[in-house]
**Student:** 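So that we are looking at the same thing, I have put the structure below in structure tokens.
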There are 2 protein chains.
Amino acid sequence: MKKNPGAEIASLIKEINAVMNYRLREAFKDSQLTPPQMMVIFMLAEETQLKVSDISKKMSLANSTVSGILDRLESQGYIKRVRSNADKRVVYIEPAEQLNDLHAFYHQTVANFLANIVEGADEKQVNKMVDGLQTLRDFLKNDEG
Amino acid sequence: MKKNPGAEIASLIKEINAVMNYRLREAFKDSQLTPPQMMVIFMLAEETQLKVSDISKKMSLANSTVSGILDRLESQGYIKRVRSNADKRVVYIEPAEQLNDLHAFYHQTVANFLANIVEGADEKQVNKMVDGLQTLRDFLKNDEG
DNA sequence: ATATAATATTTCGTATGCGAAATATTCGCT
DNA sequence: AGCGAATATTTCGCATACGAAATATTATAT
């Protein structure tokens, strides 16, 4: 006698999201960095120049949300905004002074967190998780419902 | 050449969560209700008395977050707070006047949204999604990190 | 019986998070 | 060339969302 699958799925997504945020916050409790701030810093370690809208897409956030996150990272000296010369509407985000020493460490900390999510799972289980999520994503995006 | 599975999973969770919120907002665009407000109203249609902490657990939110959501629902007359006599620390949440006429309709709208998540999926696909999510949830909760 | 611990909720300060509107720039059409 | 549409980002107002601290009440230990 289970609840309907849609309700179960919605509830699991919320729960997983909450646990992931909790763990990410814990991983950076010594710094003052928040989960989305960490993710921006992580992404900048892999690609040293990102447009605001690239960050929004990668994180599934609205541009306005990302703009606020960047304000706070910029005011603390973690990133800088650089106007593109080719297209002056575009703003490139780059690492700044506060990351000179610690960027590699922050990147590794997030990478460890991400690796930890599936630690202990064998390949079959990992595939089951990824497949399940991709299937769900595709269903959500395709119904015009 | 895929990115590591932890990163893929984290990204999918964010994406799915964003799409679900977007659709829920769309389903209630005529009312002024927000997604968490709708979920509280939905839950109150299935159980007419809920403790604040019951709501927090079911929605995977902090009590302080729920308290704020309830403030706004209460001030608009959707719910009321009733102190328990048996234990005066406890606050029960119940539907109020603004739900007299529309509670069943709101419940049905959320139920439709939830049903729609898996609409068009056959049983095997639904099981794959639910299993994948449950496996992920269990891994996240069991590593001590 | 009473101090102390535990529990339930609220309050507070701050950081997301969104959509709509504003701003600035580039594109497309003619 | 120039004007209206399209694009990229920011600003604004508001609603989450969290943890820590405050408040109120109940349970527990002695």
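Within every chain, numbering begins at 1; the chains are lettered A, B, ... in the order of the sequence lines, protein sequences first and strands thereafter. Keep in mind the model is a prediction, meaning the values are calculated, not measured.
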**Student:** For the backbone of A:Ile41 and the side chain of A:His103, can you confirm whether one donor and one acceptor N or O come within less than 3.5 Å of each other?
**Tutor:**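 Pair found, side chain donor or acceptor close to backbone of A:Ile41.
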**Student:** Write down the distance between CZ (A:Arg23) and P (D:dG19), rounded to a whole number of angstrom.
**Tutor:**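 So the two atoms are 14 Å apart, to the nearest Å.
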**Student:** Write down the distance between CG (B:Leu61) and P (C:dT9), rounded to a whole number of angstrom.
**Tutor:**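 Taking CG of B:Leu61 and P of C:dT9, I get 14 Å after rounding.
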**Student:** Considering heavy-atom distances to DNA chain D, does B:Asn63 or A:Ser64 have its closest nucleotide positioned more toward the 5' end?
**Tutor:**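 The answer here is A:Ser64.
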**Student:** Rounded to whole Å, how long is the line connecting atom CE of A:Met20 with atom P of D:dA17?
**Tutor:**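 Roughly 15 Å, once rounded to whole Å.
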**Student:** Using 4.0 Å as the upper bound for N to carboxylate O, is an ion pair formed by B:Arg81 and B:Glu74?
**Tutor:**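 Looking at B:Glu74 and B:Arg81, the cut-off is met.
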**Student:** Can you see if the side chain of B:Thr65 gets near the phosphate of D:dA17 - specifically, an N or O under 4.0 Å from OP1 or OP2?
**Tutor:**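 No, outside the criterion.
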**Student:** What do the steps show when you test B:Phe28 against B:Phe113 for ring pair (Phe, Tyr, Trp, His ring centres under 6.0 Å), and what is the final call?
**Tutor:** CA-CA 10 Å; B:Phe28 276 80; B:Phe113 161 77; 9.0 Å; no
**Student:** Check the phosphate of C:dA15 against A:Thr34, side-chain N and O only, distance under 4.0 Å to OP1 or OP2. Yes or no?
**Tutor:**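 Looking at the OP1 and OP2 atoms of C:dA15, neither is under 4.0 Å from any side-chain N or O of A:Thr34.
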**Student:** Using a strict cut-off of less than 4.0 Å between a Lys/Arg side-chain nitrogen and an Asp/Glu carboxylate oxygen, indicate whether A:Glu15 and B:Lys141 qualify as a salt bridge.
**Tutor:**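 Looking at A:Glu15 and B:Lys141, the cut-off is met.
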**Student:** Pick the nucleotide of DNA chain D nearest each of A:Ala18 and A:Tyr92; which residue has the one closer to the 5' end?
**Tutor:**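 Its nearest nucleotide lies further toward 5', so the answer is A:Tyr92.
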**Student:** Under 4.0 Å between a side-chain N/O of A:Ser53 and OP1 or OP2 of D:dT9, yes or no?
**Tutor:**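 True: A:Ser53 side-chain N/O within range (under 4.0 Å) of D:dT9 OP1/OP2.
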**Student:** Tell me: CG of B:Leu70 to P of C:dA8, nearest whole Å?
**Tutor:**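 Computing the B:Leu70:CG to C:dA8:P distance gives 16 Å.
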**Student:** Does a nitrogen or oxygen in the side chain of A:Arg25 sit under 4.0 Å from OP1 or OP2 of D:dC18?
**Tutor:**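 So the side-chain polar atoms of A:Arg25 never come under 4.0 Å of the phosphate oxygens OP1 or OP2 of D:dC18.
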**Student:** Just the rounded figure in Å: distance from C1' of D:dC14 to CG of B:Asp71.
**Tutor:**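 The answer, rounded to whole Å, is 14 Å.
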**Student:** Do you know which two heavy atoms are closest between B:Asn63 and B:Val52, and how far apart they sit?
**Tutor:**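 Shortest heavy-atom separation between B:Asn63 and B:Val52 comes out as OD1-O, 4.4 Å.
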**Student:** Using a distance-only criterion (donor-acceptor N/O pair, under 3.5 Å, no hydrogens), is the base of D:dT7 paired with the side chain of A:Arg89?
**Tutor:**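 Such a pair is found, so the answer is yes.
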**Student:** At under 4.0 Å, does any side-chain N or O of B:Arg83 touch on OP1 or OP2 of D:dT25?
**Tutor:**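 For D:dT25, OP1/OP2 do not have a side-chain N/O of B:Arg83 under 4.0 Å.
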**Student:** Return the value, rounded to whole Å, for the distance between atom NZ of B:Lys57 and atom P of C:dT7.
**Tutor:**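 Answer to the nearest Å: 11 Å.
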**Student:** Just compare C:dT10, D:dT10, D:dT16 and give me whichever is closest to any side-chain atom of B:Arg72.
**Tutor:**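 From the listed options, D:dT16 comes nearest.
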**Student:** Below the 4.0 Å mark, does D:dT16 have OP1 or OP2 next to a side-chain nitrogen or oxygen of B:Gln37?
**Tutor:**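 Yes, within the criterion.
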**Student:** Could you say whether A:Asp87 or B:Lys14 is positioned toward the 5' end of DNA chain C, judged by the nucleotide with the nearest heavy atom to each?
**Tutor:**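 That would be B:Lys14.
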**Student:** How many whole angstroms separate atom CG of A:Asn21 from atom P of C:dT16?
**Tutor:**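 These atoms are roughly 11 Å apart.
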**Student:** What is the distance, rounded to the nearest whole Å, between atom CD of A:Gln32 and atom C1' of D:dA20?
**Tutor:**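 That distance rounds to 14 Å.
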**Student:** For the side chain of A:Lys51, starting at C-beta, report the closest nucleotide among C:dC18, D:dT9, D:dT16.
**Tutor:**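 Of the options given, the side chain of A:Lys51 lies nearest D:dT9.
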**Student:** Can you work out whether A:Pro36 or B:Val66 has the more 5'-proximal nearest nucleotide on DNA chain C?
**Tutor:**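 Result: B:Val66.
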**Student:** Determine yes or no for a side-chain-to-main-chain donor-acceptor pair under 3.5 angstrom, with B:Asp54 supplying the side chain and B:Lys51 the backbone.
**Tutor:**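 Yes.
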